[in-house]
Participant: 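This structure is in structure tokens; I'll ask about it shortly.
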Amino acid sequence: MPNNYLKEKLEKNPFIVLGKEVYKVLYNDIIQLNILPGTRLSESKIAKEFGTSRTPVKNAIDRLKEDGLVVSEQGKPYVITLNKREGRQLYEARLALEGYAVFLAATRISDSQLERLHQLVIDYNNSANTEEFLNHAYYDHEFHKTIMEAADSPYIMHLYETIESRILHYRNSLLINIPSHRFRTILSRAGKCHTAIYNAIRLGFAEIAKNEMERDINGMMDVFVEWN
């Protein structure tokens, strides 16, 4: 985090909300594992790095707590740690939400959303030839999120948004913790699932789309068995 980050932002827009900007940086650093699970967040240290007071930092950390990315232990904020049990529970929630969402999306998706879904399938499969795990995670997340949006169900989307940050955190963590020899196998399997899901949605085959979505998510659940 550069010391002049907020200064540059303020020069461009003097009306920005400082806490929001600090939140964006911390959120991305946590999601992208630049700040590792279990790390204590020091308000005074972060404030010094940003060149601001502790108030916007505290506001940012409070918001990260709402996201489920930070917890308080003995009054101190820490980036939440990851564990197999919660990870499996998280993916069980995904099964319930995304399985039905894709069923709805098969009949509700717009042309623009379908086009974006197609491009994300292409981007994900192309990224399988690289070692950039954040690219895989990004395209995977955007693929699933686009389907959630295409379901056109605000209540389902609201439930999804309550766990979205944790999904991102776990997805990134899984991709860097699985054995290297399994990495490409998992990406290839997921890519085939994405292609099958897209084709089922494109053809309006809701039940097939649901089955393929469940196969995709169950495949990632199996990875938790290999996670040390």
Side-chain angles (χ1 to χ4, degrees), residues 31 68 82 84-129 133-175 177-178 182-227:
I31 292 298
L82 309 175
K84 287 185 178 181
R85 183 170 181 270
E86 189 203 9
R88 290 190 66 87
Q89 290 173 339
L90 186 67
Y91 275 73
E92 288 167 356
R94 289 190 63 190
L95 274 174
L97 288 173
E98 296 187 47
Y100 190 60
V102 75
F103 184 90
L104 296 176
T107 58
R108 298 179 179 180
I109 194 166
S110 68
D111 290 343
S112 61
Q113 288 170 330
L114 187 62
E115 183 179 349
R116 173 161 173 72
L117 211 59
H118 185 217
Q119 186 60 53
L120 287 167
V121 169
I122 294 172
D123 290 339
Y124 184 87
N125 287 327
N126 287 340
S127 75
N129 297 318
F133 79 91
L134 285 178
N135 286 341
H136 311 313
Y138 171 77
Y139 293 130
D140 185 52
H141 180 72
E142 289 300 307
F143 177 84
H144 287 270
K145 186 174 182 179
T146 299
I147 290 173
M148 296 301 298
E149 293 169 348
D152 195 25
S153 175
Y155 293 108
I156 290 178
M157 191 65 187
H158 174 71
L159 291 172
Y160 176 77
E161 287 172 345
T162 64
I163 61 173
E164 184 178 9
S165 297
R166 297 294 283 144
I167 290 172
L168 273 166
H169 203 199
Y170 267 91
R171 181 184 279 112
N172 289 349
S173 298
L174 277 176
L175 288 176
N177 280 286
I178 58 176
R182 290 279 287 127
F183 189 75
R184 291 196 181 279
T185 301
I186 291 167
L187 292 181
S188 176
R189 180 182 61 191
K192 291 176 182 177
C193 284
H194 286 192
T195 301
I197 291 167
Y198 163 74
N199 285 327
I201 293 174
R202 179 175 59 85
L203 296 170
F205 295 161
E207 193 62 44
I208 294 176
K210 181 175 183 292
N211 291 340
E212 291 296 333
M213 176 65 79
E214 290 174 349
R215 187 161 71 96
D216 183 28
I217 296 174
N218 275 319
M220 288 305 294
M221 286 181 68
D222 291 342
V223 178
F224 280 99
V225 176
E226 304 175 34
W227 188 11

Participant: Any side-chain heavy-atom pair from D123 and F143 closer than 4.5 angstrom?
Facilitator: no

Participant: Can you tell me if R166 uses its side chain to pair, donor with acceptor, with the backbone of L90 under 3.5 Å?
Facilitator: no

Participant: Would a distance-only check, ignoring hydrogens and angles, find a side-chain to backbone donor-acceptor pair under 3.5 Å from R108 to A150?
Facilitator: no

Participant: If the threshold is 4.0 Å, N to carboxylate O, is there a salt bridge linking E142 and K145?
Facilitator: no

Participant: Check whether H136 reaches the backbone of Y124 with its side chain - one donor and one acceptor, N or O, closer than 3.5 Å.
Facilitator: no

Participant: Look at E92 together with R88 and state whether they make a salt bridge at an N to O cut-off of under 4.0 Å.
Facilitator: no

Participant: Nearest 0.5 angstrom please: E161 CD to L97 CG, how far?
Facilitator: 11.5 Å

Participant: Take S110 and Q113 through the side chain to side chain donor-acceptor pair (under 3.5 Å) test and state the conclusion after the steps.
Facilitator: CA-CA 5 Å; S110 68; Q113 288 170 330; 3.2 Å; yes

Participant: State the CZ-CD distance between R116 and E149, to the nearest 0.5 angstrom.
Facilitator: 8.0 Å

Participant: What heavy-atom pair brings A209 and I197 nearest, and what distance separates the two atoms?
Facilitator: O-CG1, 4.3 Å

Participant: Do the ring centers of H194 and H144 come within less than 6.0 Å of each other?
Facilitator: yes

Participant: Which pair of non-hydrogen atoms, one from Y170 and one from L82, has the smallest distance, and what is that distance?
Facilitator: OH-CA, 3.5 Å

Participant: Could I get the full list of salt bridge (charged side-chain N to carboxylate O under 4.0 Å, His left out) partners for D216, not counting sequence neighbours?
Facilitator: none

Participant: Counting C-beta onward and ignoring hydrogens, is there a side-chain heavy-atom pair between E115 and D111 closer than 4.5 Å?
Facilitator: no

Participant: Run H141 and E164 through side chain to side chain contact (heavy atoms under 4.5 Å, CB included) and show every step you take.
Facilitator: CA-CA 9 Å; H141 180 72; E164 184 178 9; 2.9 Å; yes

Participant: When you check the side-chain N and O atoms of E98 and Y160, is any donor under 3.5 Å from an acceptor?
Facilitator: no

Participant: Take I109 and D152 through the side chain to side chain contact (heavy atoms under 4.5 Å, CB included) test and state the conclusion after the steps.
Facilitator: CA-CA 8 Å; I109 194 166; D152 195 25; over 6 Å; no

Participant: Show the numbers, then the answer: is there a side chain to side chain contact (heavy atoms under 4.5 Å, CB included) between I167 and R171?
Facilitator: CA-CA 6 Å; I167 290 172; R171 181 184 279 112; 3.4 Å; yes

Participant: Considering only heavy atoms from C-beta outward, does the side chain of S153 approach that of M157 to under 4.5 Å?
Facilitator: no

Participant: Return the NE2 to CD1 distance between H169 and I31, rounded to the nearest 0.5 Å.
Facilitator: 6.0 Å

Participant: Once rounded to the nearest 0.5 Å, what's the spacing between atom CZ of R215 and atom SG of C193?
Facilitator: 4.0 Å

Participant: Quick one: pull up NZ in K210 and CG in L104 and give me the separation to the nearest 0.5 Å.
Facilitator: 11.0 Å

Participant: Take R202 and N199, measure what side chain to side chain donor-acceptor pair (under 3.5 Å) needs, and give me the verdict at the end.
Facilitator: CA-CA 5 Å; R202 179 175 59 85; N199 285 327; 3.3 Å; yes

Participant: Are any of the side-chain heavy atoms of Q119 and I122 separated by less than 4.5 Å?
Facilitator: yes

Participant: Has E214 got a side-chain atom pairing as donor or acceptor with N211's backbone, closer than 3.5 angstrom?
Facilitator: no

Participant: Strictly distance-based, threshold 3.5 Å: is any side-chain N or O of N125 a donor or acceptor partner for the main-chain N or O of V121?
Facilitator: yes

Participant: Applying side chain to side chain contact (heavy atoms under 4.5 Å, CB included) to I147 and I201, what does each step give before you reach the verdict?
Facilitator: CA-CA 9 Å; I147 290 173; I201 293 174; 4.2 Å; yes

Participant: Look up atom OH in Y138 and atom CG in N172, then write down how far apart they are to the nearest 0.5 Å.
Facilitator: 13.0 Å

